[in-house]
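The structure under discussion appears below in the form of structure tokens.
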Amino acid sequence: MNKETLIPQLQNQIVDYLNLEEIQPDEIDPNESLFGDDIGLDSIDALELIVLMQNEYNIQIEDPKEGREILNTVNSMADHIIKMKG
Amino acid sequence: MIESLKVIASFEMDQQCIQHNGEVIDEISFTNASETLKERYKKYKLKYPKFHKMDLLSKAVILGNYFIKKAIPKNSTPLVMLFNESASMQSDLQHIYQYNAYDTASPGIFVYTLPNICIGEVCIKNDWKSPSGFLLFPKEHFEKYLETVAIEMSKNDSEYAFTGFVEVVEDDIFVALSVLQMNKENEGLTAYQFYKKALRK
Amino acid sequence: MIKIGAFEIITPLGASLDENWEAIESGKTSLQKVKYNDKAAAYISRFESADFRKLIAMCFEQMLEKIEVDALGKTQVIFSSTKGAVGNWNHYHKHRVYEIQEVLDLNPEWDQAPITVSNACISGLQAVEFAYDGIQFEHWDSAIVVAFDEVSEFIVEGFASLHALSKGVCQPFSKDRDGINIGSAIACAVVSKNPVFKGEQYRIVGASNCNDANHISGPSRTGEGLYRAISNVLKKSAKPDFISLHGTGTPYNDEMEAVALDRLGLTNIPVHSLKPVFGHTLGAAGLLELAICGRMLTEQKAVPSLNYKKQGTSVKLNVQSDFGNLKMNRILKTTSGFGGNNAALLIQRT
């Protein structure tokens, strides 16, 4: 598993899970916060990302607060997946 | 008391067409409700990305709102009351499917397993800090619904109300929304006349 | 004068208001640890094996015994339920709330079009508000209110996906509060301007509801909707002597209520949440908890807020810690719910 494939994969999954119909996957800047003004995700979206991690990568995030750091950017999500999956 | 409620704007939608103030403005080639509502979102340039996360009831209400909201003056806070027969059935079934098929439910689906969320969505969009309520009735009890609307308009001193019947599942759409004004002088359709005709279909 | 009375409730704590009140006096909770799937357990309040529809019918009959049915006059029936007893359905027939209308022995002289409120967690209290408003504006003389909701896999899986379930019994207003418990309950009452009540009855002073227009599942940070609903009610009333809050035990809800009370200058008034006793009973909550408020007025005894340890809201609330004597004339009940709703209702001793 490497970042080069993981990042575009995550971008596609995020658009899919969160119904971001008006955003192209490659428009999601991997280093920008998903919760900032650009993509503007809210608390329910954060919970959906937890479901994404579970369903697609079998990674549990128990605590939504801990989750916010991991889920802050596409990059941080990718780093966490690589860390958990070795 | 319901005789004093007049319709000042209306939106109707079913599998055949959209009517705005009683006139057909859009013919529909219906495939399913999701596609039909998405197409309308694009056609009328609603420009509200949150739309895509909503359930079918909320999408239908936000679409209807696009047409009839302007009948309510900007500084006015209307009563918002909607009704249907089957509550949030579509979202309920999706939610059940989701937690049976996967290890966990989807939070984005679960939050819509309540019929009143569509009221929340329209209040958020319009910044209406309104008295509001979602009621369940079979269609034939629409008079009781209007009676409740009239009571709540009096109680809250609301000159306007955003009202209607909204029933949407994947294979059917049946929506009749209207802005009502209390004690509007002149001629025009009463709420009773509008809903009697709109719900007969 | 418009009154509410003939309260009757059935919960896992007891099959009547009297039984539930005795259990509350003993400091009991109906919440028990239940395994709801392979991974997790939650504290839930549920009826072990009873037929929920039969319990609704039982509660309804018991409530009718507390009034003179012949004195009702023009009568409207109002239901409240968020999920209409979803139970284990996996395919759709018709909404269960219509089934229940058929199961109950509704008097043919009453209005033949019952109103069903399905407005998330404020439904139970809003049903009473509609009952009251209809009498005030002379549409009916009396209204019978029936509120119910049942724990189900549907609801538990849903709240679990929101990470909203507490790991234990909920701790409203407390620093370490971590979420809600779900409960099943049935509550009935009569609202009337006629002399129908055989026993306890309370004056309804005012009722109001208001939407935050903020977020569909998160409350407004300024408590705007709740602030307005309570303000409206207090236009017609002196301050309450006790406030029975919604107090679900989530970080956001309880903070929002504290903020609203602070804005209103009401933070000195004793408050509680009944959620640690019954769990969050959704569409039944508003009416169930109002029934307990009524009994508090009759007995002049305050029911404490269980499981409160350390202050956990940015503004200090006067959280009732003991079950004990308290002189009260007026109690304010509040509820808040998904969709941004907030409702408030004030009852007064007669």
Side-chain angles (χ1 to χ4, degrees), chain A residues 9-30 32-74 77 80-81 84-85, chain B residues 31-63 66 88 90-91 94-114 116-121 123-125 127 168 170:
Chain A
Q9 187 172 289
L10 277 170
Q11 285 168 319
N12 274 294
Q13 287 165 336
I14 289 169
V15 163
D16 184 39
Y17 267 73
L18 304 184
N19 294 310
L20 301 178
E21 296 261 344
E22 296 181 21
I23 297 175
Q24 293 303 314
D26 56 14
E27 283 175 342
I28 304 176
D29 185 330
E32 282 288 317
S33 173
L34 295 166
F35 300 92
D37 291 331
D38 242 1
I39 307 291
L41 301 188
D42 70 7
S43 52
I44 304 219
D45 297 316
L47 294 168
E48 276 293 349
L49 292 180
I50 292 178
V51 173
L52 190 167
M53 292 293 249
Q54 189 173 311
N55 287 354
E56 303 295 332
Y57 300 100
N58 220 1
I59 292 172
Q60 307 293 339
I61 298 176
E62 291 297 330
D63 178 6
K65 282 193 208 128
E66 169 208 348
R68 278 301 270 258
E69 280 190 41
I70 297 166
L71 303 169
N72 195 35
T73 66
V74 180
M77 286 175 75
H80 187 72
I81 293 167
M84 298 299 282
K85 302 252 113 175
Chain B
T31 47
N32 62 59
S34 294
E35 278 309 308
T36 299
L37 289 165
K38 189 158 118 181
E39 283 159 22
R40 260 82 221 149
Y41 171 88
K42 287 186 190 153
K43 177 172 183 174
Y44 297 110
K45 298 184 174 47
L46 258 48
K47 288 203 173 49
Y48 194 60
K50 280 193 215 181
F51 182 90
H52 304 295
K53 304 184 197 192
M54 294 180 190
D55 69 328
L56 298 178
L57 294 179
S58 300
K59 286 178 177 170
V61 171
I62 294 296
L63 178 63
Y66 168 82
S88 54
Q90 182 63 48
S91 296
Q94 275 178 276
H95 171 61
I96 291 170
Y97 171 79
Q98 190 76 21
Y99 68 74
N100 280 322
Y102 298 94
D103 236 1
T104 171
S106 153
I109 292 174
F110 177 66
V111 289
Y112 287 99
T113 59
L114 289 164
N116 64 289
I117 303 299
C118 62
I119 290 180
E121 292 288 12
C123 285
I124 290 167
K125 183 162 206 309
D127 196 24
V168 190
E170 272 303 358

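Just so it is clear, the model here is predicted, and its values are computed rather than measured. Quick note on labels: first sequence line is chain A, next is B, and so on, each numbered from 1.
Here the shortest heavy-atom pairing between Pro107(B) and Leu47(A) reads CG-CB, 3.6 Å.
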Pairs of donor and acceptor atoms, chain B with chain A, under 3.5 Å:
| residue | atom | partner | partner atom | Å |
| --- | --- | --- | --- | --- |
| Lys38(B) | NZ | Glu21(A) | OE1 | 3.1 |
| Tyr41(B) | OH | Glu22(A) | OE2 | 2.2 |
| His52(B) | NE2 | Glu22(A) | OE2 | 3.0 |
| Lys53(B) | NZ | Asp45(A) | OD1 | 3.0 |
| Lys53(B) | NZ | Asp45(A) | OD2 | 2.7 |
| Ser106(B) | OG | Glu48(A) | OE2 | 2.3 |
| Gly108(B) | N | Glu48(A) | OE2 | 2.7 |

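With a threshold of 4.5 angstrom between heavy atoms, Leu18(A) approaches chain B through N, CA, C or O but not through any side-chain atom.
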